[in-house]
Amino acid sequence: MQKLIRTLTCGLLVATLVTPGFASAAGGFMPYGDISKHHARDSIIRSVQAGLFAAGPNVPLFYPKRDMTRAEFLALIDRLYYGGQYQLYPLTFLSEHAEWTSGEGFDKPYLPYKDVDRLTWMYNPTLRISYVLDRLYGPNAIQQVFPGEQMHPNQPITQEEAAKILQMFVMSSDGKHAWEDIREWGWLEGEKTDRLKRGEAAVAADRLMTYLVQDTIMPLLDYDGQKFPMVPEILDVFPLFSTYTNPKSVDEEKYVNAVEAIRNHEDTDATFEDLRELASNSFGNKIGTHFYLSWDPSTTLDLNLEEAYKAIDAYFENKIILPDTLQLLGANVYDIALQLGGKDQRQYQKVLEHLRGYEKKVNQDSKEWEALGIYIAALEVKAGRIDAALDQYRLFNSSHPEALINTTYYLIQQGRLQEAEQLVASQKPKATDSRMTQLTRLLKQDIASLKQQTEIATDLAFTLRRLDNSDSYQVKGEAVLSGFTFKYTQDIDQRNNTSRVSGFYQSPQKLVSDKLETYTDGKEQIQYSYDSDRDKWDQYKTNSLDFLHEWIAKQSAKDRLNNLQARYYKQTFGSYDIITEWIPGPVLEEKAKQVSTGRGKIKSVPLYMNKYYIDRDTDQLLQHVWRYEEIYDSDEYVAYSGTDNFDYQHAVKVSIPEEVRKGVTP
């Protein structure tokens, strides 16, 4: 855990929605003078602690019974999205702050409303949510919630309107049933036409926060091949393993200072020398000293692992049952095992045997037993013994979220979808166990989608064939390729098998844009490209591949599903069908061994994702959004993302000018 977790903890500061610096509700924190007797009091307090509502001397009252306006609700959802955007990333492809550009770096987005002024507080949050909805559901999706040229931002929002916004967080597959979906999740109550009160909005936000920090919206999706096996999230990575009060003894002071130094990434060789001294003398906290000695970056991973084992030994010597502590110690061993196993797969078996030796020290079916069992099962997966892992997970998957997710996932990976469905259907979580109740619901939705994979791939294939069979069409798009930003119009004349691209591009090395112009002769498989620096035309053959994503694009949707293990998810919203496609990197890396590209051999494929927005009435593709990442054996990193908008109304006719053909540089 020591070397990897140091890197991760720097990026995990935004993993929780709770804003530091506020007292807890239990501590008597009361941000407003009018909520003490309101039923939503606790939710309001937690929402304030999370930074969702303004509080302080200048905001003495909350007005929980007042109607919430449309603009206020969008501002609230904007803050919730900021805290949970990584949960939605598989469906939005949006990185942090990406909403500030409408495409990939050129034009800024705009609102389709005339009554939301750019200079008011409401403009930016409304714009961001509008853009997120566009990415999720297609162009101008917010118009399905607030139609017309006027949004009426100060008008009270209804429960149904609020539900249509909230549905972006629940993997809803049909926008028509937003109200029913959100009521089933328990986030809103009342009737569709009821005005949403501020107290009710705080309750919905509170429940949504709990949802966002517990599970991903698609628990079985492993789009980058890195998610499984899942293990519990450790909330406190730097515990003291004991309580220390002032005045401290010399040894206690030395230990607490060492932990603080490691927590703040300020440790030195002297830090670990102090810990070694404490471990060798009569200092009582052997769990802590050995745990943190396993983080020593100056020693080998084998020695780190030995210290991690000693921390578990010390735990059992204490004879005090602390499942959370044992889980952290098991996580530490597992993390070191991952680093060792990355170089030598046999290490997984060695660590597995050592961990199994601890099982006889705990009572079966206890929380301690589960704390060890989740890592034993994960190591079985890493060692390639999926059936053994499933046997282990099954022993406690009805009470342990990660065990249930892993069991379901690996059953599906083995083609046992019906068995996975039966497993999830058999779950009867307690009403008080919100995590398992929520997870079971998400798994059911995910499995329902998995059962439709062939149907969805067929629908996508039909739309793409329709595009290929169009006489002509025009594409307006923006893209970024390894730092180069493009804005273009592509005219495609399929009757003559020719196309033209015009526009401009921005090089990261230049302050000004360059002209972009190409012609492609599909019959001769030749492309003519204009070089603005030389004021010349160059000629290239188009029958070769430069990048892996070009090869993938040539595979049909059904081939991607069957041969590349593509995962599809289909949603409907307004007049659009939206199909999202993910292909896991490890599968592409294996298939790429047989593919030759101009960039060389593929080393890694961190990301391959597409979104297709389809007109439901005509089955025509209206928009395509993509994000690809490829790393080649030369260590060249290629990141490619963009948005294309399709127009079938123009009768496009393209012919390659004779001066272009003649102007090619010899």
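Counting from 1, the numbers follow the sequence of the chain as shown.
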In terms of side-chain heavy atoms, does Thr454 have a donor or acceptor partner in Gln452 at a distance below 3.5 Å? no
Once you round to the nearest 0.5 Å, how far does OH of Tyr409 lie from CG of Asp222? 4.0 Å
Any side-chain donor-acceptor pair under 3.5 Å between Asp493 and Ser472? no
Work out which heavy atom in Gln144 is nearest to a heavy atom in Lys164; give both atom names and the distance. O-NZ, 3.5 Å
Would you say the ring centroid of Tyr608 lies under 6.0 angstrom from that of Tyr628? yes
Between Trp537 and Tyr528, is the ring pair (Phe, Tyr, Trp, His ring centres under 6.0 Å) condition met? List the steps. CA-CA 6 Å; Trp537 289 89; Tyr528 302 91; 7.5 Å; no
Cation-pi, Trp185 ring and Arg207 (6.0 angstrom, 45 degrees): no
Have Gln490 and Tyr488 got a donor and an acceptor in their side chains that come within less than 3.5 Å? no
If we count only N and O atoms by modelled type, under 3.5 Å, do the side chains of Gln509 and Ser507 hold a donor and an acceptor together? yes
Less than 4.0 Å between a side-chain N and a carboxylate O, is that true for Glu589 and Lys603? no
Quick one: sort the Phe646 and Tyr473 rings into parallel, tilted or perpendicular, breaks at 30° and 60°. tilted
Check this for me, if you would: do Asp577 and Arg616 make a salt bridge, where the nitrogen-to-carboxylate-oxygen distance has to be below 4.0 angstrom? yes
If we check side chain to side chain donor-acceptor pair (under 3.5 Å) with Glu421, which of these qualifies: Lys451, Arg416, Lys444? Lys451
Axial cation check for Tyr530 ring with Lys515, 6.0 Å and 45° limits: yes
Report the C-alpha distance between Gln474 and Asp491 in whole Å, list the side-chain angles of each, state the deciding distance to 0.1 Å, and finish with yes or no for side chain to side chain donor-acceptor pair (under 3.5 Å). CA-CA 5 Å; Gln474 187 177 81; Asp491 295 314; 2.7 Å; yes
Heavy atoms only: give me the nearest Ala457-Leu561 pair and the separation to one decimal. CB-CD2, 3.9 Å
Taking the six-membered ring for Trp, is the centroid-to-centroid distance between Tyr640 and Trp626 below 6.0 Å? yes
Between Ser596 and Lys601, which heavy-atom pair has the shortest distance, and what is it? OG-NZ, 4.4 Å
Taking 4.0 angstrom as the limit, do Lys554 and Asp559 come out as a salt bridge? no
Going by atom types alone, do Gln506 and Ser513 pair a side-chain donor with an acceptor below 3.5 Å? yes
Would you say that more than 12 heavy atoms from the other residues, nucleotides or ligands in this model lie under 6.0 Å from the CD of Gln418, or not? no
Kindly give the heavy-atom pair with the smallest separation between Asp224 and Pro586, and that separation in Å. O-CD, 3.7 Å
Any carboxylate oxygen within less than 4.0 angstrom of a Lys/Arg side-chain nitrogen, looking at Asp459 and Lys570? yes
Looking only at side chains, do Glu581 and Tyr568 share a donor and an acceptor under 3.5 Å apart? yes
Can you establish whether the number of heavy atoms outside Lys591 located under 6.0 Å from its atom NZ is more than 12? no
Run the salt-bridge test on Arg567 and Asp446 with the 4.0 Å N-O cut-off and return the result as yes or no. yes
In terms of the angle between their ring planes, are Phe547 and His549 parallel, tilted or perpendicular, with boundaries placed at 30° and 60°? parallel
Heavy-atom closest contact (Leu111 atom, Ser130 atom, distance): CD2-CB, 3.6 Å
Begin with the C-alpha distance, continue with both residues' side-chain angles, and end with the deciding distance and a verdict on ring pair (Phe, Tyr, Trp, His ring centres under 6.0 Å) for Trp187 and Phe169. CA-CA 11 Å; Trp187 297 348; Phe169 294 102; 7.3 Å; no
Return yes when atom CD of Glu659 has more than 12 non-hydrogen atoms of other residues, nucleotides or ligands closer than 6.0 Å, and no otherwise. yes
Which heavy atom of Arg135 sits nearest a heavy atom of Leu94, and at what distance? NH1-CD2, 3.6 Å
Heavy-atom count check: over 12 atoms from other residues, nucleotides or ligands less than 6.0 Å from Lys114 NZ? no
Are Arg500 and Glu517 within salt-bridge range, i.e. N to O under 4.0 Å? yes
Would Val424 and Thr408 count as a side-chain contact (heavy atoms from CB on, under 4.5 Å) here? Give the steps. CA-CA 8 Å; Val424 175; Thr408 307; 3.7 Å; yes
Lys/Arg-Asp/Glu bridge criterion (N-O < 4.0 Å) met for Lys523, Asp521: no
